[in-house]
Amino acid sequence: MEKLLNEFSLGLFVWLTLLFILLLLLLRKYAWKPILDAVNDREEGIKNALAAAEEAKKEMQNVTADSEKLLQEARTEREAMLKEAREIKDKMIADSKEQAKIEGDKMIKQAQATIESEKKAAVAEIKNQVAELSVEIAEKVIKEQLSNKDKQLKMVDDMLGDIKLN
Amino acid sequence: MALLLSANMFGKDKEQHSDEPHKDLKTEIKEYIQHHLQDSHDFSLFSYTQDNGEHVYVGLPLPIILWDNNGLKVFSSSKFHHGEEIAEVDGNHYKLYHSKIYKTDAQGTINYDEEEHPTNIKPLDFSVTKNVAMIFITGLLMFWLFTSLARSYAKNGGIPKGAGRFFEPIVLYIRDDIARPNIGEKHYKKYMPFLLTIFFFIWFLNIFGLTPLGINVTGNIAITFGLALLTFLITNFTGTKDYWKHLFDPLGDTMPWVAKIPLYIILVPIELLGLIIKPFSLLIRLYANMQAGHIVLMSLIGLMFLFKSWLGSPLSFALAFAISLIEILVALLQAYIFTMLSALYFGFASEEHDHHEHEDEPELAHL
């Protein structure tokens with residue numbers, strides 16, 4: 001201990017304290033502060049950059065998901081449209097078929113009706129003609145038959161006999 | 001290194017003890033080591049003795065600054081001529097004796113007491129000694145190094161350049177592995193300048209001590225005392241309310257005050273003693289480690305002169321080389337430990353939460 005005390009130099013101690021404090025203050029202002037600030041800034045920068053990258057990645061994922069969704073939507077829409085078109089087409093075909101059928105039936109019916117009426121008219125005509133002819137024939141026959149007396153009497157007898165018979 | 005030291009060794013020894021009875025080589029080496037470990041008033045690189053017995057010194061004189069009863073005296077250390085002559089300034093005579101300056105008469109008489117201690121007046125010595133010069137050089141080097149590192153950030157877009165690439169990870173290590181875990185995220189910033197400065201200061205001085213110049217700055221008790229005192233002052237001046245409460249009321253609210261009184265008669269003095277012991281351990285640890293390293297290294301080199309055989313010199317060289325490598329590690333390790341423990345003490349001083357988890361504090365503190 002005595003040796004240590006003997007070795008202790010006050011001058012050296014004072015110089016050391018002065019120089020060290022001076023060095024500490026100078027370095028604090030001109031070295032440590034800028035160094036630590038720079039390092040801090042850099043670390044902050046790295047942290048921010050990483051966060052930004054993460055954010056961008058998420059954004060990217062969102063965008064991809066969105067576009068995927070859009071694509072999906074477009075696809076479904078297209079399918080729906082196609083389906084609708086097909087349905088419309090089918091319906092149109094069916095409708096026109098129906099229409100055509102109805103129209104045809106109507107026309108057939110009309111034709112039939114016309115034919116029927118024509119037929120009736122024709123039959124009526126024929127009947128008239130037949131009646132006229134019959135009357136003419138009957139007239140002729142009667143005229144012939146009533147040309148002599150015998151025949152006239154005979155006919156009256158026949159007719160009377162028919163009536164008796166009836 | 002060995003060559004330079006050996007040249008130094010012989011020159012110094014002969015010079016120092018030329019007026020004393022001849023000593024054997026062993027004592028000479030021992031005294032040389034003792035001399036080397038101490039501070040010196042001039043920056044000698046090496047010295048040698050010419051054939052005619054004249055000592056030639058190669059080195060730089062340093063300014064001597066004395067505060068005497070009659071004022072400030074400033075003169076060059078070359079006036080002492082390495083302790084061989086008496087310096088005369090303004091009619092006062094000073095003599096360098098065993099690396100200390102004494103006021104003497106014109107003949108340079110030194111009076112001794114019965115224990116062989118000089119009784120002459122010792123003027124207050126504020127000389128720029130070898131150690132002070134070295135601190136100055138280290139300070140300039142650090143200032144240049146770290147300001148250029150700081151500037152390289154601005155110039156280089158936040159990325160260090162050159163030597164900064166080596167020093168930046170160390171700065172970050174001190175921040176992330178010493179300051180942050182020991183002091184805590186909230187307070188560590190205000191201690192960073194001190195921790196960084198003291199780490200590099202001690203490390204650089206330790207390393208300079210291992211160069212052939214071999215200036216044993218950190219192995220000097222005044223230096224380690226100064227550094228530890230700063231740690232002590234910072235610890236206590238930045239101490240929070242909790243820190244002081246812990247000091248004077250270590251048990252807190254765990255028991256009634258009546259029970260605490262008898263305990264505190266013992267506990268509080270221990271806590272107060274711990275306050276002093278913490279920095280004291282710092283100063284002794286650094287001093288002893290660096291001192292011991294230098295002694296071992298010098299002794300191993302000294303062995304070369306004892307074993308004057310083909311076996312001894314290579315062996316002592318190999319050993320000295322191995323120890324040098326270890327010393328390089330120790331230089332870093334001691335700087336790290338000093339910084340680490342300072343950070344730990346600052347951590348105690350700035351803690352703000354409950355104290356119970358730090359019941360093992362004394363064990364930690366006496367590492």
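Below, read A as the first sequence line, B as the second, and so on, with proteins coming before strands; counting in each chain starts at 1.
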Asker: Using heavy-atom distances under 4.5 Å, tell me whether B/Arg151 contacts chain A through its side chain, its backbone, both, or neither.
Answerer: neither
Asker: Answer with side chain, backbone, both or neither: which region of B/Phe200 has an atom nearer than 4.5 Å to a non-hydrogen atom of chain A?
Answerer: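 For B/Phe200, the contact with chain A is made by the side chain alone.
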Asker: Can you confirm whether B/Phe208 sits close enough to B/Val217 that some side-chain heavy atom of one is under 4.5 Å from a side-chain heavy atom of the other?
Answerer: no
Asker: Is A/Leu26 in contact with chain B via its backbone, its side chain, both, or neither, using a 4.5 Å heavy-atom distance?
Answerer: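 Contact with chain B: backbone and side chain both.
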Asker: Please state whether the side chain, the backbone, both or neither of A/Ile21 comes within less than 4.5 Å of a heavy atom of chain B.
Answerer: side chain
Asker: Can you say whether B/Ile223 sits under 4.5 Å from chain A via the side chain, the backbone, both, or neither, judging by heavy atoms?
Answerer: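 Both backbone and side chain.
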Asker: Do the side chain of B/Ser127 and the main chain of B/Ile65 share a donor and acceptor less than 3.5 angstrom apart?
Answerer: yes
Asker: Run the side chain to side chain contact (heavy atoms under 4.5 Å, CB included) check on B/His187 and B/Ile183 step by step: do they pass?
Answerer: CA-CA 6 Å; B/His187 297 286; B/Ile183 303 171; 4.0 Å; yes
Asker: Taking only residues two or more places apart in sequence or in another chain, which ones pass side chain to side chain donor-acceptor pair (under 3.5 Å) with A/Lys57?
Answerer: none
Asker: Report yes if the side chains of B/Pro160 and B/Tyr153 come closer than 4.5 Å at any heavy-atom pair, otherwise no.
Answerer: yes
Asker: Ring centres of A/Trp15 and B/Phe126 under 6.0 Å apart?
Answerer: no
Asker: At a heavy-atom separation under 4.5 Å, does B/Val171 approach chain A through its side chain, its backbone, both, or neither?
Answerer: side chain
Asker: B/Thr129 and B/Asn131: side-chain donor and acceptor closer than 3.5 Å?
Answerer: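 No, B/Asn131 and B/Thr129 have no side-chain donor paired with an acceptor closer than 3.5 Å.
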Asker: Based on non-hydrogen pairs under 4.5 Å, which of B/Val132, B/Asp125, B/Leu124, B/Ile198 is most in contact with chain A?
Answerer: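 Top count of heavy-atom pairs under 4.5 Å with chain A: B/Val132.
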Asker: Counting only non-hydrogen atoms closer than 4.5 Å, does B/Leu229 touch chain A with its backbone (N, CA, C, O), its side chain (CB onward), both, or neither?
Answerer: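 Contact with chain A is through the side chain of B/Leu229 alone.
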Asker: Students often mix this up, so state it plainly: with edges at 30° and 60°, are the rings of B/Phe146 and B/Phe167 parallel, tilted or perpendicular?
Answerer: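 Because their plane-to-plane angle is over 60°, the rings of B/Phe146 and B/Phe167 count as perpendicular.
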Asker: Against chain A, label B/Tyr287 side chain, backbone, both or neither, depending on which of its atoms sit under 4.5 Å from a heavy atom there.
Answerer: side chain
Asker: Answer yes or no: is there a side-chain heavy-atom contact under 4.5 Å between A/Glu73 and A/Lys69?
Answerer: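 Yes, side chains in contact.
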Asker: For chain B, which residues from residues 105-119 of chain A lie under 4.5 Å away (heavy-atom distances)?
Answerer: none
Asker: Below 4.5 Å, heavy-atom pairs only: which of B/Leu145, B/Leu227, B/Thr138 has the largest tally toward chain A?
Answerer: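 Result: the option with the highest number of such pairs is B/Leu227.
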Asker: Report the relative orientation of the aromatic rings in B/Phe225 and A/Phe8; use parallel for angles under 30°, tilted for 30 to 60°, perpendicular for over 60°.
Answerer: perpendicular
Asker: Heavy-atom distance under 4.5 Å to chain A: side chain of B/Phe143, backbone, both or neither?
Answerer: both
Asker: Less than 4.0 Å between a side-chain N and a carboxylate O, is that true for A/Asp150 and A/Lys154?
Answerer: no
Asker: Identify which part of B/Leu140 has an atom lying under 4.5 Å from any heavy atom of chain A, answering side chain, backbone, both or neither.
Answerer: neither
Asker: For the CD atom on A/Glu84, are there more than 12 heavy atoms of other groups (residues, nucleotides or ligands in this structure) within a distance under 6.0 Å?
Answerer: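 Atom CD in A/Glu84 is not crowded, with 12 or fewer foreign heavy atoms closer than 6.0 Å.
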Asker: So what's closer than 4.5 Å to chain A heavy atoms on B/Leu196: side chain, backbone, both or neither?
Answerer: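 Both parts, backbone and side chain.
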